[in-house]
Amino acid sequence: MNTQDLIPSLDRETSYDAWMEAALDLEQAAHTLDLEPWIVERLRQCESELHSNLLLQCDDGSAHIKRAIHVAYTSVYPRSACELRISAGGGLNSTRTAAMRTTLAAALFAIDISGSATTLIADTDELSEHELHSLVDGFAKIYSSDREIADAETGNVVLAGEGVNDYVLAWLASANASRHISASDCSEAAAIALAHTIRKWNLQSASAREGGRTPSLRFAVQGMGEFGRAVARELVRKGATLVAVSDVSGGVTDTAGLDMGAIERHLQREEFILGYRDADAISKAELLACECDVLILAAGARHLNAGNGRSVRATLVVECAPDMVERGAFVPCAETGVPSVLPYLFISGLRLAAVVQQQDANPLATSRRCQTELKLAALQVLKALQKCADERGIPLAEAAPLLALSRISRQLRLQGI
C-alpha cells in the first residue's frame with residue numbers, strides 16, 4: 001500500500017452546471033446595471049463554438065479519437081486570452097464558463113482582451129508522457145492552422161487551466177501555437193501580488209477593529225498546489241503566521257505557527273500533507289473552522305456552502321480556484337458576522353494581468369518595478385470593488401461582475417450592434 005491508496009477519492013457532482021450558474025450571475029448583474037436588451041442578448045451566448053476530433057496514436061499501437069472544444073465568448077477586443085484545459089470531465093458548458101470568466105476577469109483589471117477557452121477531453125492519468133505530448137502536438141497543429149481559431153486568437157495569450165502544467169506549455173511554445181504562453185513565473189508574480197493585497201486588507205480591517213494597533217495576520221490554506229504554496233510562502237516571509245494547511249489527504253495545524261519550510265520539504269518528499277508529524281492532524285472541515293484572519297481556498301470546488309459556511313471564523317475568504325464558495329454559503333450571524341470573500345474573478349484577473357505584463361513589459365523594466373506595478377493594479381481593483389460593494393450594499397463577489405460588465409458594455413456601445 002502506498003500513500004495514494006490512503007487518500008479518499010473525490011466525489012463529483014455531475015448535476016452541478018457551472019455554465020448555468022455563470023448565466024444566472026450574468027442576468028443578475030445585467031439587471032442591476034439596467035443594460036440594454038441587445039447587450040444582454042449578445043452576452044447571453046458565446047460568439048463561436050468549435051469542435052475538433054484529434055487522432056491519438058497510443059504507445060501500444062492502438063488509436064483513439066480525442067475531442068477538443070474551443071469557445072470564444074466575445075470578440076469585443078481583437079486580442080484574446082485562451083485558457084487551455086485538459087480534463088476527462090470537461091465539456092461544452094465548462095468550456096463556455098471558462099471563456100466567460102476569462103473575459104470578465106480581463107475587464108475587471110481593465111485589460112483589453114477577449115476571453116476564450118479550449119478543452120482537450122482526455123484523462124492525463126491514463127496517458128503516458130509521450131501520448132500526452134502527441135495529443136498536445138496534434139492540438140497545436142489544428143490550433144495554428146484553423147482559420148477561425150487563428151483569426152479569433154490574434155495576438156493571443158494561452159493560460160494554464162486544469163490539467164496543464166509547465167511541460168504542456170513548453171510543448172505548445174515549441175510548436176509556435178501561441179505568441180505567449182503563461183508559465184510558473186507569472187503565477188509566482190501573481191501570488192506575491194495577492195499576498196500583498198491580503199496583507200493590506202488585513203491591515204485596513206484589523207486596524208479599524210483594534211483601534212489603530214498594528215495587527216497580526218494568521219491564515220490557513222486549503223490546497224497546497226503551486227499557487228497556494230507561493231501565496232503562503234510570501235505571507236510567511238512578510239511575517240504572517242500560518243496556522244493550518246490541508247490538501248486532498250488531510251490537514252495539520254499549529255496555533256503557534258507552522259514551519260512553512262518544513263512543510264514544503266515534506267511535500268517535495270511525499271507529495272501529500274499526509275504523514276507530516278510536526279503538527280496536529282486535522283480534517284479539512286476543521287481547517288475551514290479554524291481560528292484565523294484569512295482563509296485561502298486554493299484547490300478543489302464547492303468547499304464552502306450553506307452547511308459549513310457558518311463555521312468559518314476568518315474575516316476574509318480568498319477564492320483562488322473557481323466555484324469554491326457556493327451561492328448562499330454565508331448566512332448573517334450575530335455571533336461571528338459574515339466574512340468578506342475575495343472572489344475568484346479577482347484572482348483570475350490578477351493572474352492574467354501578470355501574464356500580459358510579462359508579454360508587454362519594456363525590456364528595460366526591472367522585475368522589481370513590474371512586481372510593484374502588479375501590486376498597485378491589484379490594490380486599485382480591490383479599492384474599486386470595495387467602493388462598488390459599499391455603495392450598493394452587496395458582497396465583493398457580486399461587485400466584481402458588475403464592474404467587469406460595466407466596462408464590457410461601454411466597449412460594446414462604442415462598437416454598436
S.K.: Taking the side chain as every heavy atom from C-beta outward, state whether Thr241 and Leu258 have any pair of such atoms under 4.5 Å apart.
M.R.: no
S.K.: For Asn93 and Arg96, test the side chains for any donor-to-acceptor distance below 3.5 angstrom and give the result as yes or no.
M.R.: yes
S.K.: Would a 4.5 Å heavy-atom cut-off, applied to side chains only, mark Leu374 and Gln371 as touching?
M.R.: yes
S.K.: Would a distance-only check, ignoring hydrogens and angles, find a side-chain to backbone donor-acceptor pair under 3.5 Å from Thr103 to Gly115?
M.R.: yes
S.K.: Quick check on His130: does its NE2 atom have over 12 non-hydrogen neighbours (other residues, nucleotides or ligands) under 6.0 Å away?
M.R.: no
S.K.: Within a 6.0 Å radius of atom NE2 on His31, are there more than 12 heavy atoms belonging to other residues, nucleotides or ligands?
M.R.: no
S.K.: Before accepting this row, confirm whether a basic side-chain N of the pair Asp112/Arg407 lies closer than 4.0 Å to the acidic partner's carboxylate O.
M.R.: yes
S.K.: Check side chain to side chain contact (heavy atoms under 4.5 Å, CB included) between Glu234 and all other residues, then give those that pass, not counting sequence neighbours.
M.R.: Ile192, Ala195, Arg237, Lys238
S.K.: Enter the distance from Leu54:CG to Leu120:CG here, rounded to the nearest 0.5 Å.
M.R.: 6.5 Å
S.K.: For Leu379, is there any backbone N or O sitting under 3.5 Å from a side-chain donor or acceptor partner on Thr197?
M.R.: no
S.K.: Could you state the interatomic distance from SG (Cys58) to CG (Leu127), rounded to the nearest 0.5 Å?
M.R.: 7.0 Å
S.K.: Do the charged groups of Glu188 and Arg233 touch, with an N to O distance under 4.0 Å?
M.R.: yes
S.K.: Do you know which two heavy atoms are closest between Pro339 and Leu316, and how far apart they sit?
M.R.: CB-N, 4.5 Å
S.K.: Could you check if a side-chain atom of Leu56 sits within less than 4.5 angstrom of a side-chain atom of Ser134, using non-hydrogen atoms only?
M.R.: yes
S.K.: Treating Glu131 as the side-chain partner and Ser128 as the backbone partner, does any N or O pair qualify as donor plus acceptor under 3.5 Å?
M.R.: yes
S.K.: Shortest non-hydrogen contact from Phe272 to Ser249?
M.R.: CB-OG, 3.6 Å
S.K.: Which atom pair, heavy atoms only, marks the closest approach of Val164 to Leu84?
M.R.: CG2-O, 3.2 Å
S.K.: Quick one: do Ser116 and Ser80 satisfy side chain to side chain donor-acceptor pair (under 3.5 Å)? Show the steps, please.
M.R.: CA-CA 7 Å; Ser116 61; Ser80 177; 3.3 Å; yes
S.K.: With side chain to side chain contact (heavy atoms under 4.5 Å, CB included) as the criterion, how do Phe109 and Leu350 come out once you've worked through the C-alpha distance, each side chain's angles and the decisive distance to 0.1 Å?
M.R.: CA-CA 7 Å; Phe109 273 75; Leu350 180 58; 3.9 Å; yes
S.K.: Would the distance check show the side chain of Arg67 and the main-chain N or O of Ile121 forming a donor-acceptor pair, the cut-off being under 3.5 Å?
M.R.: no
S.K.: Check this for me: does any side-chain nitrogen of one of Arg392 and Glu398 sit under 4.0 Å from a carboxylate oxygen of the other?
M.R.: no
S.K.: Using only atom types and a distance under 3.5 Å, with no angle test, would you say the side chain of Gln57 pairs donor to acceptor with the backbone of Gly61?
M.R.: yes
S.K.: Look at the side chain of Asp123 and the backbone N and O of Ala88, then say whether any donor-acceptor pair between them is shorter than 3.5 Å.
M.R.: no
S.K.: Considering non-hydrogen atoms only, spot the tightest contact between Ile408 and Ala107 and give its length.
M.R.: CG1-CB, 3.7 Å
S.K.: Backbone N or O of Arg218 within a donor-acceptor pair of the Asp293 side chain at under 3.5 Å?
M.R.: yes
S.K.: Working to the nearest 0.5 angstrom, can you tell me the gap between Gln386 CD and Gln204 CD?
M.R.: 5.0 Å
S.K.: Taking atom CG of Asp137 and atom CG of Leu132, what is their separation to the nearest 0.5 Å?
M.R.: 9.5 Å
S.K.: Could you give me the CA-CA distance, side-chain angles and deciding distance for Val325 and Tyr344, then say whether side chain to side chain contact (heavy atoms under 4.5 Å, CB included) is met?
M.R.: CA-CA 9 Å; Val325 181; Tyr344 175 67; over 6 Å; no
S.K.: Hey, are the side chains of Leu295 and Leu287 touching, using non-hydrogen atoms and a 4.5 Å cut-off?
M.R.: yes
S.K.: Say whether Arg85 and Thr119, considering side chains only, have a donor N or O and an acceptor N or O under 3.5 Å apart.
M.R.: yes
S.K.: Can you list everything that forms a side chain to side chain donor-acceptor pair (under 3.5 Å) with Ser406? Sequence neighbours excluded, please.
M.R.: none
S.K.: Side chain of Tyr73, backbone of Leu43: donor and acceptor closer than 3.5 Å?
M.R.: yes
S.K.: Can you check side chain to side chain contact (heavy atoms under 4.5 Å, CB included) on Asp323 and Thr97, steps first, answer last?
M.R.: CA-CA 11 Å; Asp323 308 316; Thr97 305; 5.6 Å; no
S.K.: Side chains of Ile69 and Thr118: closer than 4.5 Å at any heavy-atom pair?
M.R.: no
S.K.: Side chain to side chain donor-acceptor pair (under 3.5 Å) between Ser114 and Arg79: does it pass, once the steps are laid out?
M.R.: CA-CA 6 Å; Ser114 301; Arg79 193 180 185 191; over 6 Å; no
S.K.: Would you sort out whether Val318 and Ile347 count as a side chain to side chain contact (heavy atoms under 4.5 Å, CB included), showing the intermediate values?
M.R.: CA-CA 8 Å; Val318 183; Ile347 284 78; 3.9 Å; yes
S.K.: Nearest 0.5 Å please: distance from the CD1 atom of Ile394 over to the SG atom of Cys388.
M.R.: 4.5 Å
S.K.: May I ask you to check whether over 12 heavy atoms, not counting those of Gln45, lie within 6.0 Å of atom CD?
M.R.: no
S.K.: Of all the heavy-atom pairs spanning Leu288 and Leu304, show the shortest one and how long it is.
M.R.: CD1-CD2, 3.9 Å
S.K.: Do Val243 and Phe219 have side-chain heavy atoms sitting under 4.5 Å apart?
M.R.: no
S.K.: Over 60° means perpendicular and under 30° means parallel, so classify the ring planes of His266 and Tyr276, tilted if in between.
M.R.: perpendicular
S.K.: Against Met100, only a single residue in Leu26, Thr74, Val71 fulfils side-chain contact (heavy atoms from CB on, under 4.5 Å); can you say which?
M.R.: Leu26
S.K.: On a heavy-atom basis, which atom in Ala29 and which in Leu405 lie closest, and how many Å separate them?
M.R.: CB-CD1, 3.4 Å
S.K.: With a 3.5 Å distance limit and no angle check, can you tell me whether Thr253 reaches the backbone of Asp280 through a side-chain donor-acceptor pair?
M.R.: no
S.K.: Is the shortest distance from a Lys or Arg side-chain nitrogen in Glu83 or Arg101 to a carboxylate oxygen in the other one below 4.0 Å?
M.R.: no
S.K.: Between CD1 of Ile113 and OG1 of Thr102, what distance do you get to the nearest 0.5 Å?
M.R.: 10.0 Å
